[in-house]
Amino acid sequence: LVVVAARPAPGHALPRALTNDPRVAQLELQPLLRDEARALARHCLEKEPSTELLEEALGRCGGNPLFIEETLRGSRGTHLPLTIEAAIEARLESLSAAERRLCDSLSVLDTPVTEEELSALGGTASVVRALRRRRFVGSVAAPNGSGRLWRLRLQLTAEVLRNVMSDRTRAELHGEAAQLLVARGT
């Protein structure tokens, strides 16, 4: 028995010799469900987690077991555990300038945006497609049924982006966010 683990990345597929071999099984890991996250939290904390703590961990970590564990074992303050910050920063380094800019904008805005607003922030079809494929952004149906709302998939990604952002970039993006919100009427 041989076990190989790999994180899927654009342009880095498994060799065909592996994917075409009937003896090879591929498992795509999905985010933890609420009950699974509760069991992990119970193990990490050695007690039953409060509903508030569990919801916070799921909201910030998007069901990622490593991030949930590290968040629960670390302080619940404003600082992220270094393991999480380093893992997210490593993924962010692979983004193109346009992809990073859109992620930065979404992190500062910190609220879901419409498709029109996403486009105004620089979300061209190719940039959004790349960020979706790499699981940085996601969308949900708008509550009024008029299209989709877009946001960063993980709140932790937004936190890391804001932590490493220069003051100048932050000020510029806050200005853009303010214009977007004024245009929205909020």
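Index from 1, following the sequence. The structure displayed is predicted, hence computed values, not measured ones. Just the heavy atoms: all of them, side chains too, but no hydrogens, waters or symmetry mates, feed the values below.
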Quiz prompt | side-chain contact (heavy atoms from CB on, under 4.5 Å) partners for Ser96, two or more places apart | solution = Ala98, Glu99
Self-check item: Listed once per pair and sorted, the salt bridge (Lys or Arg N to Asp or Glu O under 4.0 Å) pairs that draw on residues 31-43, sequence neighbours left out
Solution: Arg34-Glu55, Arg38-Glu48, Arg42-Glu48
Self-check item: Ring-face cation contact, Phe67 with Arg60, 6.0 Å cut, 45° max
Solution: no
Quiz item: Shortest non-hydrogen contact from Leu58 to Ala37?
Solution: CD2-CB, 3.7 Å
Self-check item: Results of side-chain contact (heavy atoms from CB on, under 4.5 Å) for Pro31 - residues two or more places apart only
Solution: Arg153
Self-check item: Listed partners of Arg135 passing salt bridge (Lys or Arg N to Asp or Glu O under 4.0 Å), at least two apart
Solution: Glu28
Quiz item: How many angstroms lie between atom CD of Glu159 and atom CD of Glu85, to the nearest 0.5 angstrom?
Solution: 9.5 Å
Practice problem: State which residues pass side chain to side chain donor-acceptor pair (under 3.5 Å) with Ser119; sequence neighbours excluded, sorted by chain then number. | Solution: none
Quiz item: Measuring from Leu154:CG to Ser107:OG, what's the distance to the nearest 0.5 Å?
Solution: 13.0 Å
Practice problem: Check Val113 against Leu109 and note the closest heavy-atom contact, atom names and distance. | Solution: CG1-CD2, 3.1 Å
Would you tabulate the side-chain donor-acceptor contacts of residues 139-149 under 3.5 Å, counting partners in other chains and residues two or more places apart, or write 'none'?
| from | atom 1 | to | atom 2 | distance (Å) |
| --- | --- | --- | --- | --- |
| Ser139 | OG | Arg148 | NE | 2.8 |
| Ser139 | OG | Arg148 | NH2 | 3.4 |
| Asn144 | OD1 | Ser146 | N | 3.0 |
| Asn144 | OD1 | Ser146 | OG | 2.5 |
| Asn144 | ND2 | Ser146 | OG | 3.2 |
| Arg148 | NH2 | Ser139 | O | 3.2 |

Quiz prompt | Pairs flagged by salt bridge (Lys or Arg N to Asp or Glu O under 4.0 Å) wherever residues 115-128 is involved - sequence neighbours left out | solution = Glu117-Arg184
Self-check item: Side-chain heavy-atom pair Arg134, Arg91 within 4.5 angstrom cut-off
Solution: yes
Self-check item: Any pair counted as salt bridge (Lys or Arg N to Asp or Glu O under 4.0 Å), so long as it reaches residues 104-113, sequence neighbours left out
Solution: Arg100-Asp104, Asp110-Arg162
Quiz prompt | Euclidean distance, Asp167 CG relative to Glu172 CD, rounded to 0.5 Å | solution = 12.5 Å
Quiz prompt | Residue list, salt bridge (Lys or Arg N to Asp or Glu O under 4.0 Å) with Arg168, at least two apart or on another chain | solution = none
Quiz item: Would you say Leu53 and Leu33 are hydrophobically clustered, going by side-chain heavy atoms of ILVMFWY under 4.5 Å?
Solution: no
Quiz item: At what distance, to the nearest 0.5 angstrom, does OG1 of Thr111 lie from CH2 of Trp150?
Solution: 15.5 Å
Self-check item: Nearest heavy atoms of Ala57 and Leu72, plus distance in Å
Solution: CB-CD2, 4.3 Å
Practice problem: Considering non-hydrogen atoms only, spot the tightest contact between Cys103 and Leu161 and give its length. | Solution: O-CD1, 3.5 Å
Quiz prompt | Close side-chain approach of Thr157 to Leu92, heavy-atom, < 4.5 Å | solution = yes
Practice problem: Indicate yes or no: at least one non-hydrogen side-chain atom of Leu102 is less than 4.5 angstrom from one of Leu118. | Solution: yes
Quiz item: Which heavy atom in Cys61 sits nearest to a heavy atom in Thr71, and how many Å separate them?
Solution: SG-OG1, 3.5 Å
Quiz prompt | By side chain to side chain donor-acceptor pair (under 3.5 Å) - contacts of Asp21 (at least two apart) | solution = Arg23
Quiz item: Hydrophobic clusters join Ile, Leu, Val, Met, Phe, Trp and Tyr when side-chain heavy atoms are under 4.5 Å apart, directly or via other members; which others share one with Leu173?
Solution: Val108, Met165
Practice problem: Of all the heavy-atom pairs spanning Leu152 and Leu106, show the shortest one and how long it is. | Solution: CG-CB, 3.9 Å
Quiz prompt | Nearest-0.5 Å distance, CD1 of residue Ile88 to CD of residue Glu93 | solution = 12.5 Å
Exercise. With rounding to the nearest 0.5 Å, note down the distance linking CD in Glu89 to CG in Asn163.
Key: 8.5 Å
Practice problem: Please name all residues satisfying side chain to side chain donor-acceptor pair (under 3.5 Å) with Ser166, sequence neighbours left out, ordered by chain then number. | Solution: Thr169
